[in-house]
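For the single chain, residues carry numbers from 1 onward in sequence order.
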Amino acid sequence: MERNEISYSQALELLKKYVPDKKTIYHSERCAEVAYAMALRIRKNHPENPLDPEKVRIGALLHDIGKALPGEHEINSVEILKKEGYPQIAEIVCHSYPYEILLLRGIERPEYLPTSLENKIVIYADYLIDPDGNSTTMEERIQEIKTRKKDQVQRMQALTLAEPRLYKLRDELEALLKERT
């Protein structure tokens, strides 16, 4: 069943249905705030870019819904949202570095690379909020992930492989966030 719209409150209830962990919910709420503010600012600065700030807000809220299932939560998030009937949100929630994780396993899945501006904003917002919901920089967040997941060797190799792509994404968005002169 495909649904076209989901409100923020419905999305929050959906997140709580899958993720009972209050820390993850708070992180997701903070990501949604940051992503929404970025989307509004980019739309103001660059009205020529097709961008739906509310879709970005909801996508950022639901980006970690896949943590409820075993395996790569980034991919699980996409699958859960498709199953729940929200393919438009599913297409912007894949975040972090699942492309590189699979690439190291010999599987190339370019659909796990961000192509839309909305997806890139969701990714960047996630790197600006730490697991406790505090604001951080992308550099600090990547270092935090490397420290927290240091025993997950393949995952850390994938993150190292993804870093240039992630910093390029950050630079692209930071340029769009600047006001035109």
Looking at Ala32, is its backbone amide N or carbonyl O close enough to the side chain of Arg57 to form a donor-acceptor pair, meaning the two atoms are under 3.5 Å apart?
no
Single-linkage hydrophobic cluster Ile75~Leu103, side-chain heavy atoms < 4.5 angstrom
yes
Donor on one side chain, acceptor on other, Tyr99 and Glu108, under 3.5 Å:
yes
Treat each ILVMFWY residue as a node, draw an edge where side-chain heavy atoms are under 4.5 Å apart, and state whether Leu113 and Leu161 are in one component.
yes
Any donor-acceptor pair under 3.5 Å linking the side chain of Glu118 with the backbone of Lys55?
no
Any side-chain donor near an acceptor of the partner, Glu84 and Tyr18, under 3.5 Å
yes
Nonpolar side-chain network containing Val153, other nodes, edges under 4.5 Å:
none
Apply side chain to side chain contact (heavy atoms under 4.5 Å, CB included) to the pair Asn119 and Glu91, showing each step before the final yes or no.
CA-CA 7 Å; Asn119 189 193; Glu91 68 188 20; over 6 Å; no
Given Tyr86, which partner from the list Ile58, Ile80, Leu14 fulfils the side-chain contact (heavy atoms from CB on, under 4.5 Å) test?
Leu14
What one should report as the nearest heavy-atom pair of Ile121 and Ala35 is CG2-O, 3.6 Å
Check for me, please, whether Ile101 and Met156 land in the same ILVMFWY cluster - side-chain distances under 4.5 Å, paths through other members count.
yes
If you group Ile, Leu, Val, Met, Phe, Trp and Tyr by side-chain heavy-atom gaps below 4.5 Å, do Val19 and Tyr26 land in one group?
no
Contact summary for Ser96 and Pro98, nearest pair of heavy atoms
C-CD, 3.5 Å
Below 4.5 Å, heavy atoms only, C-beta onward: do Asn45 and Lys178 meet side chain to side chain?
no
Counting only N and O atoms by type, is there a donor-acceptor contact under 3.5 Å from the side chain of Arg141 to the main-chain atoms of Ser135?
no
Heavy-atom nearest pair, Arg41 first then Leu177, reads NE-O, 2.9 Å
Keeping Asn134 on the side-chain end and Ile129 on the backbone end, is there a donor-acceptor pair under 3.5 Å?
no
Minimum heavy-atom distance Arg43-Pro53, with the two atoms named
NH1-CD, 3.5 Å
Would Asp130 and His27 count as having a side-chain donor-acceptor pair, cut-off 3.5 Å?
no
Using side-chain heavy atoms (C-beta onward) and a distance below 4.5 Å, is Leu62 in contact with Ser28?
no
Would you compute the distance between atom CD1 of Ile6 and atom CD of Glu54 and round it to the nearest 0.5 angstrom?
10.5 Å
Give a yes-or-no answer on whether the side chains of Glu144 and Thr147 include a donor-acceptor pair shorter than 3.5 Å.
no
ILVMFWY cluster membership beyond Tyr36 - transitive side-chain contacts under 4.5 angstrom
Leu40
May I have the step-by-step check of side chain to side chain contact (heavy atoms under 4.5 Å, CB included) for Cys31 and Leu61, ending in yes or no?
CA-CA 6 Å; Cys31 286; Leu61 179 68; over 6 Å; no
Considering residues at least two apart in sequence or located in another chain, which fulfil the side chain to side chain contact (heavy atoms under 4.5 Å, CB included) criterion with Glu33?
Arg30
His95 and His73: side-chain donor and acceptor closer than 3.5 Å?
yes
Show your working on side chain to side chain contact (heavy atoms under 4.5 Å, CB included) between Lys17 and Ile65 and close with a plain yes or no.
CA-CA 9 Å; Lys17 171 183 164 183; Ile65 196 169; over 6 Å; no
A quick test of your reading: do over 12 heavy atoms of other residues, nucleotides or ligands sit less than 6.0 Å from NZ of Lys149?
yes
Using salt bridge (Lys or Arg N to Asp or Glu O under 4.0 Å) as the criterion, list what pairs up with Glu72, not counting sequence neighbours.
Arg105, Arg155
Could you tell me if Thr136 and Tyr127 have a donor-acceptor pair between their side chains, going purely by distance under 3.5 Å?
no
So, does Gln10 use its side chain to make a donor-acceptor pair with the main chain of Ser7 at under 3.5 Å?
yes
Determine whether Arg165 and Tyr97 satisfy the following criterion, side chain to side chain contact (heavy atoms under 4.5 Å, CB included), listing intermediate values before the conclusion.
CA-CA 9 Å; Arg165 176 178 63 79; Tyr97 45 97; 4.1 Å; yes
Val122-Tyr112 co-clustered via ILVMFWY side chain contacts under 4.5 Å:
no
Over all heavy atoms of both residues, which pair between Leu159 and Lys146 is shortest? Give the atoms and the distance, please.
CD2-CG, 3.7 Å
Side chains of Ile123 and Leu173: does their closest heavy-atom pair fall under 4.5 Å?
no
Output all residues satisfying side chain to side chain contact (heavy atoms under 4.5 Å, CB included) with Asn49, sequence neighbours left out; order by chain, then residue number.
Ile42, His46, Leu117, Leu176
Nearest heavy-atom neighbours spanning Leu81 and Ile89
CD1-CG2, 3.8 Å
Partners meeting side chain to side chain contact (heavy atoms under 4.5 Å, CB included) with Tyr167 (sequence neighbours left out)
Met138, Glu139, Ile142, Glu163, Arg170
